[in-house]
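Note sheet for the following structure.
Starting from 1, each residue takes its place in the sequence as its number. Bear in mind the structure is a predicted one, so any value in this text is a computation, not a measurement.
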Amino acid sequence: MDRITAANEVAFKIGFSGHSGHLRLEPLPPVERSNSLKSLPDFILPPAFPPETPESVKKYLEERYLLPELDQDEFSAEKSGRLWDFDWFDKAMVHLEPSVPRYIVAPVWELPFRRSKNTAPAGIWNPTSMEVASVELLEGAQDSGTLPRMPGPAKDFVRGSMNSRPFRPGGLDGSQPVERNVPEGARTGDWVHEIINGGVPQSVPPSFKKGLDLGYLKEYPKYWKCASGEASTVQSTAEQKLDRFSVQFDDLFKKAWEEDVTEESETNGPELSVPEVLQEESDDNRATSDVESLALDEILLTELGMEKKDQSEPSGINKQQDAEVWAVAGGNEEIARRFHELVPEMALEFPFELDKFQKEAIYYLEQGESVFVAAHTSAGKTVVAEYAFALASKHCTRAVYTAPIKTISNQKYRDFCGKFDVGLLTGDVSLKPEASCLIMTTEILRSMLYRGADIIRDIEWVIFDEVHYVNDVERGVVWEEVIIMLPRHVNVVLLSATVPNTIEFADWIGRTKQKKIRVTGTSKRPVPLEHCLFYSGELYKVCEHDAFKPQGWRGAKDAYKRKNASKVGGTSGANVGAAVPHGAAQNRQREFLNKGKGHKHSGPQAAGSYTGTGGTHQNSWVSRRQESSLWLLLINNLQKKSLLPVVIFCFSKNRCDKSVDNMSGTDLTTNSEKSEIRVFCDKAFSRLKGSDRDLPQVVRVQNLLRRGIGVHHAGLLPIVKEVVEMLFCRGVIKVLFSTETFAMGVNAPARTVVFDTLRKFDGKEFRRLLPGEYIQMAGRAGRRGLDNIGTVIVMCRDEIPDESDLKQVMVGKPTRLESQFRLTYTMILHLLRVEELKVEDMLKRSFAEFHAQKNLPEKEKLLMLKLAQTTKSIECIKGEPAIEEYLDMAIEAEAHRQDVSEVVMQSHTAQQFLLPGRVVVVRSPSADDHLLGVVLKTPSATLKQYIVLVVTTDAVSSMQTSPASLNKQGNEEFYLLVPKGKRGTDEEYYTAVNSRKGTGIVNIKLPYHGSASGVNYKVIGIEAKDFLSICNCKIKIDQVRLLEDPSDMTYSKTVQQLLKQKAEGNKFPPVLDAVKDLKLKELVLVEKYHKYNGILQKMSENKCHGCMRLEEHITLQMERRRHKEEVNALKFQMSDEALKQMPDFQGRIDVLKEIHCIDSDLVVQIKGRVACEMNSGEELICTECLFDNQLDDLEPEEAVALMSAFVFQQKNTSEPSLTPKLAHAKKRLYETAIRLGELQAQLKVAVDPEEYAKENLKFGLVEVVYEWAKGTPFADICELTDVPEGMIVRTIVRLDETSREFKNAASIMGNSALYRKMEAASNAIKRDIVFAASLYVTGI
């Protein structure tokens, strides 16, 4: 036995252990050799690891990752009660797989008969490639959207971040991400060949300017596997099953074959209509088994993104989709009757019996369906919102309540705080954002959706309150954006006042989100209303139970007439109800409006003749004492009839204040109510510091409140408005003067509502109230459970409104919900940044495009029918048809002729030639040929046309009448008689044939047809533009015998003379040259004239010219062209280019490219990311201001003062006094806005530069904010301007939000100095009464 060498061939391998990469040795089994003794190793290591089995791997993974154990030391009993801030995603050492690329480039399959254009010279098909989103290829990606993504940082959980992608909006199954410009090499596959064959790599990525030098690529070793010619006939059961349910080529591309069936039918066989094709295919489908057919249909519909169609019916194309009802109207009596059986365990119990619409809405909420509740004011819509909150708490999800006004958000927070776990998110307040029930403004929710906040994952319900606010011109677009952007898993609850198109709006939401919307509501108010006119101390009932009562209006009108009849001349103006002449009232109203433009508050309302108030200022025609007595008379009348409390709506802040001042001697509260008011005010205002408690507005309002009188408008301080609202809800305020925002923003019904006037100023003009506006405010009358009826009163001063106007306002239809959707730069940048939703998709899904998109299936069917139609081919007897070229030349020549003749025939030179007797060439009304004619009469004062006799080839009408018989009949309704004073001169009617002078009377019926000398003729009236040419010859005519006293003989002679003028072999006589004879001098027209003659020459050389079948072929060609135009029009209507706002979108894209917010590939740049942060001010101006470093040379106080121009909204204010530094900064910012406005106007965006700058920059509070940031007390800064205190506070509060946005922008830009400056500016303005906490949030 030979000696065995030690350590001979010890087999091992080096491996890596775990994710940390530790090296380990693993023994290998020995290799069998011919000399087995020498092949044995000196020693054999025991196995380092037991053999791995699926069970052991599963056990290891469960123990390692799925069953984490707690540290016994950290979590011992001795340390119980301690809290740990444990970040699972940082501590868990989970190996994450590489993220899937967002896009891949894949080849596109093309049908064989479509490959001719893309076939390589060798005959090998070279497929093109396209970019495909990876999310579309993942299983379940349509349902989950971006849900599988990694959660972001905890600080961005609620508000989101610009670095996060938003969740995929629901209802976008058929939408593809925005198409990007794929490089040519990736599209054609050249890059793949480079990788395989080697060569210089592509080192510069798209949108990059430079790349890396990676050297040369080596050739990749490759070989091809070829399948054998004969396949095995024996297959396993699994393979048979797989083949049974696999998608075959014919099935996968069936849709493509269907689209091309028309093309094949035209070339390969007889025509088949679309229904016949579908019928044949449905017959083939029925031959397969049911299971196989269902499986294939399901797979195909999923791949092709189509709705399942009923192929068994020929006419059923998209039938199921068209018949799909997304808005389901309520009114199911069975739900209300069996409510407790259907909902045995309610998530929230109510202490009262629910109404029918409430039960119906709650039932559908329990079913997980979306609900639209359109109910009258005070009907109890909030019950539905509360139940959605309760369901979210029960399901451990979240619910979001959105409101259009911050006041509503604060009030709802107070109402819901005791019932649910509620948080509040507004522009300046963030309370308990982790709560399960969140109340926020709609703008905050939109920002969360665009920023991809992770909290969206948990939201089950979004409640939209006051949905009719979608009609708001400025902010209505926000509702549409939010509804479109909501993910699929979020259900919506919409609460609205009664609107006439509820079903239409719900249908739009349902189609947009691809889910049914249940519509329910009320048909009548829970507390009915009666409407009265108040005139001369009496109430006249004019409307009750939505029925107008004319007798009440007539009673008020009679009282007005009796009172005015008793007036004597000059004393009439001293009475309260005195009538003023309508014209004088309008003149005084105009004078007053001109005087009031520079007033501190918005101008008082001018009522005009409609409301009977004429003008409402006491200096117009009713003195202050009379105005005061009028209000006192009304209040006493209401108090006697127990109709208090009352809300009096005035439509200006100034009018509210003046009306309150007129009630200085009125006291409506008891001693106990005075004590309650005083205690409440002391507690509320105790949070203000000493100087703020003594503000004139605070002192004045407290004095009013103690007397039971309140005032409520935007000019009040926020804390003062909240005190007034809370005291009114307690019932201690008896009379409240308010603007219309009280009806929208505060849920505080009253016994009575009074309209000071029925006219308002809407920012542009004075107009009467719309029915919807009147109903919204009148709905505050009548307290449910307290009043049996609500009273609405319209004040009448100088006259009674018209009956028709009152009917329209009181019982007219409410305002329809209409789209106010418009594109903004912020919206475009957000959508370009996320790539999940194209801007075109947002436009398609807007309410404005709803009807157009709804009709797309019908247009698609019509397009298929048009494509299936065939047009008759043109068979030319002279060879290849040239009719298309001939028709194109004829159309082009006609266009040139019209342009030239429109100018030439209107010229003075042409008018001198177009005299009676001039031979002309005119266009036939049928536009088929030109006609030879003669001018019979020129235009006159009565007949504005030329009267021309033309020779035609038309058949003579059997109904024609000779001129002589026509003259005998004397049918005067067709005669054109010219009065003596308007008749022309003698020369106009002079003829060389007859010395008789004409009277200017035309006694023939135009057009007149006749026949003479073997040809047909007619007399017509034409415009100067209908003359084709003016001939160089004239003939003698007898105007009297032709027009005034028609004679067959005269017509025959005239026709004979006209025919003699034809030159030999020519159809028409020589014509006057437009340049030489008619003196055409304009260079452009002269060039068109020469082109016109050149085209006529080419037409005469065309083989179709003079062909006997020319007319027939022109008709056929026109039909073919018309058919093609109809097809193209349908395709255009179905394309994105047909969207209404598409031109505006293209213009805005050009603007963003020009200022470098996006690049040529529509990739958002850093400037665009900064613009996305700007929500308070105009995004372009704010962004340019930052990138131009306009704030760098300003102190924090000066910077925040200049920024107030972005958020201040009042137009007419006193001119501020600025420091030279601020004045220069103001001028620089204004010039930036003008420059941006001019750029937008240049790029076809509908913007006026001056209006754009004035609308988005208002410098009225620059001085005020500057002094406030420097520490000046609030009472002192109010003296610097005529802007109301409430507007000042609102501006500074919004300015704090703007400072945060600028701070975030500075962080993106990397400008640390600007970041610190914005932080200092925010701290400088956040103090005292301006940032006093809301009473609704903190309580009293």
Side-chain angles (χ1 to χ4, degrees), residues 262-263 265-267 270-274 858-902 905 920-933 950-955 957 1007 1009 1016 1018 1020 1022-1023 1025-1029 1067-1068 1088-1089 1091-1135 1137-1138:
T262 305
E263 180 180 344
S265 65
E266 293 178 3
T267 57
E271 296 180 10
L272 287 178
S273 63
V274 175
E858 297 180 4
K859 292 180 180 179
E860 184 179 357
K861 289 191 292 185
L862 182 59
L863 176 62
M864 294 179 65
L865 293 176
K866 289 287 183 185
L867 293 174
Q869 293 177 358
T870 58
T871 55
K872 189 176 180 181
S873 59
I874 298 176
E875 298 178 357
C876 182
I877 59 177
K878 297 181 180 181
E880 191 69 22
I883 190 64
E884 185 174 358
E885 179 185 0
Y886 187 84
L887 183 59
D888 290 339
M889 289 191 294
I891 294 174
E892 184 181 357
E894 177 64 17
H896 290 318
R897 186 207 63 78
Q898 288 183 357
D899 294 339
V900 174
S901 64
E902 185 176 352
M905 296 305 171
V920 293
V921 179
V922 300
R923 182 177 55 179
S924 172
S926 61
D928 292 336
D929 202 356
H930 307 324
L931 306 176
L932 181 65
V950 295
V951 177
T952 68
T953 56
D954 298 335
S957 173
H1009 298 267
N1016 298 326
K1018 64 180 177 179
I1020 57 176
I1022 63 174
E1023 304 288 342
K1025 62 181 181 180
D1026 293 322
F1027 288 108
L1028 289 174
S1029 305
K1067 191 174 183 180
F1068 304 115
K1088 288 188 176 183
Y1089 177 70
K1091 285 184 178 179
Y1092 169 70
N1093 290 329
I1095 294 174
L1096 292 182
Q1097 181 64 29
K1098 289 182 180 179
M1099 290 177 64
S1100 64
E1101 298 172 359
N1102 190 288
K1103 63 182 181 181
C1104 295
H1105 192 70
C1107 177
M1108 66 178 65
R1109 301 184 65 184
L1110 176 62
E1111 184 175 350
E1112 176 190 351
H1113 288 177
I1114 286 181
T1115 303
L1116 286 175
Q1117 183 62 28
M1118 293 291 290
E1119 179 66 23
R1120 291 166 64 93
R1121 184 165 295 188
R1122 183 191 61 79
H1123 179 267
K1124 183 178 180 180
E1125 290 175 353
E1126 290 177 352
V1127 170
N1128 292 336
L1130 284 173
K1131 290 181 178 179
F1132 174 79
Q1133 294 171 13
M1134 297 171 62
S1135 67
E1137 300 299 324

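The two residues His896 and Tyr1092 come nearest to each other via the heavy atoms CB-CB, 4.0 Å.
Remark: Lys859 NZ to Lys1131 NZ distance equals 15.5 Å, nearest 0.5 Å. Rounding to the nearest 0.5 Å places NZ of Lys1088 at 3.5 Å from CG of Asp899. Atom CG of Leu1096 sits about 10.0 Å away from atom CE of Met889, to the nearest 0.5 Å. One distance of note links CG of Leu865 with NZ of Lys861; it measures 8.5 Å at 0.5 Å rounding. Between Glu1119 atom CD and Leu1116 atom CG the span is 8.0 Å, to the nearest 0.5 Å. Interatomic distance, Lys1098 NZ to Asn1093 CG, rounded to the nearest 0.5 Å: 12.5 Å.
Contact annotation: the side chain of Leu932 never approaches that of Val950 to less than 4.5 Å [non-hydrogen atoms, C-beta and beyond]. Inter-residue side-chain proximity for Phe1027 and Val921 is flagged as unmet; no heavy-atom pair is nearer than 4.5 Å. When side chains are defined from C-beta on, Leu931 does not count as touching Val951, because their heavy atoms never get closer than 4.5 Å.
Residues forming a salt bridge (charged side-chain N to carboxylate O under 4.0 Å, His left out) with Glu892 (at least two apart in sequence, or on another chain): none. For the salt bridge (charged side-chain N to carboxylate O under 4.0 Å, His left out) test, residues two or more places apart in sequence or in another chain that qualify with Arg1121 are Asp888.
The residue from His1123, Glu1125, Lys1124 that alone fulfils the side-chain contact (heavy atoms from CB on, under 4.5 Å) condition with Val1127 is His1123.
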